[in-house]
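Notes follow the structure.
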Amino acid sequence: MLARKSIIPEEYVLARIAAENLRKPRVHDHQRKARFVAKSGACNVAHKNIREQGRFLQDVFTTLVDLKWRHTLVIFTMSFLCSWLLFAMMWWLVAFAHGDMDIRDNIKNLEPCVTNVKSFTSAFLFSIEVQVTIGFGGRMMTEECPLAITLLIMQNIVGLIVNAVMLGCIFMKTAQSHRRAETLIFSRHAVIAVRNNRLCFMFRVGDLRKSMIISASVRIQVVRKTVTPEGEVIPIHQIDIPVENHIESNNIFLVSPLIICHVIDKRSPLYEISYSDLSTQDLEVIVILEGVVETTGITTQARTSYITDEIRWGHRFVSIVTEEEGVYSVDYSKFGNIVKVAAPQCSARELDEKPSILIQALQKSELSHQNSLRKRNSMRRNNSMRRNNSMRRNNSGLIMHKVQFMAPEQVDT
């Protein structure tokens, strides 16, 4: 069957679509730069064209600790195997030079350097027994060869060095500071709201373990691309911003989740940014939490960052600490929850120049809050009235009507 033609002419539809496309402004997505620090704390930096590779070998221990686990385990295994094979070759050469390979069992006058070492396999087993101090008892060294005694001392010293380096490397890899940082969490979003009549940048930080972080401190930096008056382009310009803390030591007591606050004042790089300008800004706020692990004494560091898409204007964090039966309870299911609050959409600079903007914003929020309360109360009243009416109807249906029985009239006959 043929397709049915539309009632509207096709020319009119095409003209209408073209007109709508002309009216709508084409908005191009702002291409943002790559993050400098990921949400997990990993730095997004790739080091290329390093010519002086020998500098890494000057600090072998740090290089071994920085390697991946599979590479470290391969080096751990090969170091012991190579040392056993090297000294097995030396023991075989000592036995071969002394003529222990040609000594027969019926000749008892000739004493070997090492008993029962008559092949490379037996020399390899003796090397393992010496370095690992197993001592099965089948092979042992005699007083016949001073060179064998010197070789025994050398293998013991080399074995101790290999054990110390490899075991220390494994211990440092298992006790690295960034492992403790896995239980230090940050809120997924940061907020900008009014606190104590000042516009503030805030985020939440918490520790999931009961063991505390001693001397914990928080640093905040803003990373952005800047151009100097001389025309020099700085792709990663780091600007420190202060953190509001009433303690002189600038340390925090991280026994429960805390909201870290930065007051946006004249020293802040966010001073001239308003709500409408925030989406167009190409900046990144980096948060660094440092402290000493209570159980191990190792300094640890946790990092995260917030780009402009992760900053919520006019919001604040919900309370997650409550007192229950004499104990302060923390609900981590609400750790990153935020609620919308009244906040002026102007910059902190405009707010300092015109303080009346804050008063107007608070008055509007108070009026909206009162209106919402009135609506809720009216809705509750209506619902209660509807419930009462429905209950009355149900009760009236259950009431039994009185039935009157009429006696039959007597008919006179």
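Screening residues 59-95 for disulfide (SG to SG under 2.5 Å) gives no qualifying pairs among residues at least two apart or on separate chains. Residue pairs meeting the disulfide (SG to SG under 2.5 Å) criterion with at least one partner in residues 121-157, sequence neighbours excluded, are Cys113-Cys145. Listed by first and then second residue, the side-chain hydrogen bond (donor to acceptor under 3.5 Å, both in side chains) pairs involving residues 120-129 are Ser119-Ser122, Ser127-Gln155, Glu129-Arg139 (not counting sequence neighbours).
By the salt bridge (charged side-chain N to carboxylate O under 4.0 Å, His left out) test, Glu325 pairs with no residue at all, sequence neighbours left out. With sequence neighbours left out, Arg267 forms a salt bridge (charged side-chain N to carboxylate O under 4.0 Å, His left out) with Asp265. Applying the salt bridge (charged side-chain N to carboxylate O under 4.0 Å, His left out) test to Arg312 and every residue at least two apart in sequence or in another chain returns nothing. Residues passing the side-chain contact (heavy atoms from CB on, under 4.5 Å) test with Lys68 are Arg70, His71, sequence neighbours excluded. Residues that satisfy the ring-ring contact (aromatic ring centres under 6.0 Å, His included) test with Phe61, not counting sequence neighbours, are absent from this structure. For Arg35, the salt bridge (charged side-chain N to carboxylate O under 4.0 Å, His left out) test picks out Glu310, with sequence neighbours left out. Residues meeting the ring-ring contact (aromatic ring centres under 6.0 Å, His included) test with Phe126, sequence neighbours left out: Trp91. Listed by chain and number, the residues in a side-chain contact (heavy atoms from CB on, under 4.5 Å) with Asp331 are Ser333, Lys334 (sequence neighbours excluded). With sequence neighbours left out, Phe76 forms a ring-ring contact (aromatic ring centres under 6.0 Å, His included) with Phe80.
Enclosure of atom NZ in Lys225 is not indicated, since only 12 or fewer non-hydrogen atoms of other residues, nucleotides or ligands lie within 6.0 angstrom.
Ring geometry, His262 versus Phe201: the interplanar angle exceeds 60°, so the pair is classed perpendicular (tilted spans 30 to 60°). The aromatic rings of Phe203 and Tyr306 sit tilted, their planes meeting at an angle between 30° and 60°.
For the pair Met212 and Phe253, the minimum side-chain heavy-atom distance is below 4.5 Å. With contacts defined as side-chain heavy-atom distances shorter than 4.5 Å, the pair Val223/Leu283 does not qualify. Side-chain contact between Ile157 and Ile153 is present, with heavy atoms from C-beta onward closer than 4.5 Å.
Rounding to the nearest 0.5 Å places CZ of Phe317 at 12.0 Å from CG of Leu258. In this structure, NE2 on His98 lies 7.0 Å from OG1 on Thr142, to the nearest 0.5 angstrom. Remark: Ser215 OG to Ile213 CD1 distance equals 10.5 Å, nearest 0.5 Å.
Side chains of Ser83 and Gln131: a donor on one and an acceptor on the other come within 3.5 Å.
Between the Thr77 side chain and the Val74 main chain, no donor and acceptor come within less than 3.5 Å of each other.
The one candidate from Glu284, Gln238, Gln281 that meets the side-chain hydrogen bond (donor to acceptor under 3.5 Å, both in side chains) condition with Arg224 is Gln281.
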